[in-house]
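The block underneath contains the structure these notes are about, expressed in structure tokens.
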Amino acid sequence: MSNTPVAVVTGSNKGIGFAIVRALCKQFPGDVYLTARDTSRGQEAVAKLQEEGLRALFHQLDIDDLQSIRALRNFLKEKYGGLNVLVNNAGIAFKVKDTTPFAVQAEVTLKTNFFGTRNVCTELLPLVKPYGRVVNVSSMVINSALRGCSQELQQKFRSDMITEDELVKLMTKFVEDTKKSVHEKEGWPNTAYGVSKIGVTVLSKIQARMLNEKRKGDHILLNSCCPGWVRTDMAGPNATKSPDEGAETPVYLALLPSDADGPHGQHLSDKTVQTW
Ligand code: NAP
């Protein structure tokens, strides 16, 4: 088994994830895994970094597929005995003009952004080694999405007591409510992406709390963040930041030094803790 530190970035064949891998290849003292759901897209991305003189390794990972997540988990366990850095970056967003029925958008978006990310965490968090760093990529849209929720939902999402089961039930209810066209009546905002990222952010707070309760001595730091508005296939060419600039906050959190005792359980933007 290798003692080399290891970092894994989900959804990193392009966009912000690719830029995070590029930065980690330069700064992380260990093996950096670029992962992608499509093997050829992933390997092309690794080759692109190689042309820049950077060495990333590749492993297939589709966060919608539990078998794929477990294959990566088993690989990490056998080869490295765990992992040191996990960046949950993979995500999807329907374009504003997309005419796909809202209920379908809700189901598809939540499947990847919330349930897929949660499945990766369920399988990989137990493997994170002491002094490990976990970064869940959320978005600034959580602010307006949360304001668009009923007072009752806002209170639940802001609660320091909410459990992972309760959060999963709420995310499931959102999808079901959209199918019955009652989501607005039930207090939800009209944004599937926004709700999925509220889910990612609240999940991060819950996971950080669980680490405090169960693995306090391990000094693991786990946070969510917004990369900013970044020029990628998702956000388009008019966004204000380059992918490398978008990678800055996730990389900062992934590389928090071993003597840092925070941030932990926070949501950051531009390397700054946000209240929401
Ligand atoms: P992007 O260019 O569309 O890249 C998304 C990445 O996620 C791609 O590599 C994509 O793979 C991958 N992905 C999607 N579904 C996946 C799955 N089931 N399993 C594994 N990988 C999957 O988007 P981006 O702008 O870089 O976004 C990266 C993250 O930042 C997302 O979580 C996004 O929500 C968040 N974010 C972006 C912005 C922005 O302005 N761009 C702002 C706030 C937050 P394929 O190539 O196979 O599709």
Side-chain angles (χ1 to χ4, degrees), residues 8-23 33-46 48-49 56 58-72 86-96 98 105 107-121 123-124 134-145 191-201 203-204 223-251 253-254 267-270 274 276:
V8 172
V9 184
T10 72
S12 46
N13 53 289
K14 66 176 184 176
I16 298 164
F18 181 73
I20 294 171
V21 170
R22 176 190 277 132
Y33 278 85
L34 184 154
T35 68
R37 54 181 162 181
D38 182 277
T39 299
S40 51
R41 282 200 288 274
Q43 282 169 344
E44 276 167 30
V46 167
K48 220 160 120 185
L49 289 173
F58 174 71
H59 202 285
Q60 193 273 346
L61 176 65
D62 181 346
I63 71 164
D64 289 347
D65 176 359
L66 205 47
Q67 266 193 331
S68 166
I69 298 172
R70 288 184 174 153
L72 175 64
L86 171 63
V87 183
N88 281 303
N89 163 81
I92 58 157
F94 282 83
K95 301 283 179 216
V96 178
D98 196 306
Q105 295 200 16
E107 182 153 41
V108 171
T109 307
L110 272 278
K111 183 180 176 187
T112 300
N113 293 5
F114 179 72
F115 292 103
T117 300
R118 175 179 180 250
N119 285 342
V120 172
C121 290
E123 299 297 331
L124 294 191
V134 181
V135 187
N136 294 331
V137 179
S138 178
S139 169
M140 71 288 245
V141 301
I142 57 169
N143 297 309
S144 55
T191 159
Y193 181 76
V195 171
S196 76
K197 292 298 189 182
I198 288 178
V200 169
T201 313
L203 181 68
S204 309
N223 295 283
S224 64
C225 69
C226 172
W229 190 31
V230 185
R231 291 186 293 278
T232 62
D233 287 349
M234 181 181 288
N238 297 327
T240 46
K241 286 188 181 181
S242 68
D244 289 333
E245 287 166 339
E248 281 175 17
T249 297
V251 170
L253 290 171
H267 179 72
L268 286 88
S269 200
D270 289 326
Q274 308 290 306
W276 72 288

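All ligand and atom numbering here is 1-based and tracks the order in the structure. Residues: numbered from 1 along the sequence shown.
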among protein heavy atoms, the one nearest atom 40 (O) of ligand 1 is V230 N, 2.8 Å
Verify whether one side chain among S196 and N113 offers a donor that lies under 3.5 Å from an acceptor in the other. yes
Examine ligand 1 and decide if any of its atoms is less than 4.0 Å from a heavy atom belonging to N89. yes
Got a sec, which pairs hit salt bridge (charged side-chain N to carboxylate O under 4.0 Å, His left out) with one end in residues 14-23, sequence neighbours left out? K14-D233, R22-E52, R22-D244
Within the 4.0 Å heavy-atom shell around I92, which atoms of ligand 1 are there? 14 (C), 15 (N)
Which residue and atom name correspond to the protein heavy atom nearest atom 22 (C) of ligand 1, and how close is it? A90 CB, 3.7 Å
Heavy atom of A19, distance to ligand 1 below 4.0 Å: no
Structural part of K241 in contact with ligand 1, heavy atom criterion under 4.0 angstrom: neither
Which residue and atom name correspond to the protein heavy atom nearest atom 18 (N) of ligand 1, and how close is it? D62 OD1, 3.0 Å
Taking atom types as modelled and ignoring hydrogens, do the side chains of T35 and H59 form a donor-acceptor contact shorter than 3.5 angstrom? no
Proximity of P243 to ligand 1 by residue part, where a heavy atom lies under 4.0 Å: neither
Among side-chain atoms of N88 and T117, is any donor-acceptor pair under 3.5 angstrom? no
Is ligand 1 under 4.0 Å from a heavy atom in the side chain of F18, in the backbone, in both, or in neither? neither
What are the atoms of ligand 1, with element, lying closer than 4.0 Å to any heavy atom of L61? 19 (N), 20 (C)
So is K197 in contact with ligand 1, going by heavy-atom distances below 4.0 Å? yes
Closest approach of any protein heavy atom to atom 19 (N) of ligand 1, naming residue and atom: I63 N, 2.9 Å
Counterpart residues, side-chain contact (heavy atoms from CB on, under 4.5 Å), relative to T240 (two or more places apart): W229
Using every non-hydrogen atom in the two residues, find where M140 and G228 come nearest and quote the distance to one decimal. CE-C, 3.5 Å
Going by atom types only, do N89 and T10 share a side-chain donor-acceptor pair under 3.5 Å? no
Applying a 4.0 Å heavy-atom criterion (strictly less than), which segment of R231 is in contact with ligand 1: side chain, backbone, both, or neither? neither
Measure the distance from atom 2 (O) of ligand 1 to every protein heavy atom, then report the residue, atom name and distance (to 0.1 Å) of the closest one. T232 CB, 3.5 Å
Ignoring hydrogens, just give me the one of G42, G91, S138 whose non-hydrogen atom is nearest atom 5 (C) of ligand 1. G91
Residue-level breakdown please: for D65 versus ligand 1, do any non-hydrogen atoms fall below 4.0 Å on the side chain, on the backbone, on both, or on neither? neither
When distances are taken from atom 37 (C) of ligand 1, the protein heavy atom at minimum range is I16 CD1, 3.6 Å
Between ligand 1 and D38, can you find any atom pair, the residue atom being a heavy atom, that is separated by under 4.0 Å? no
Cationic tip of K48 within the cone over F18's six-membered ring, i.e. under 6.0 Å and within 45° of the normal? yes
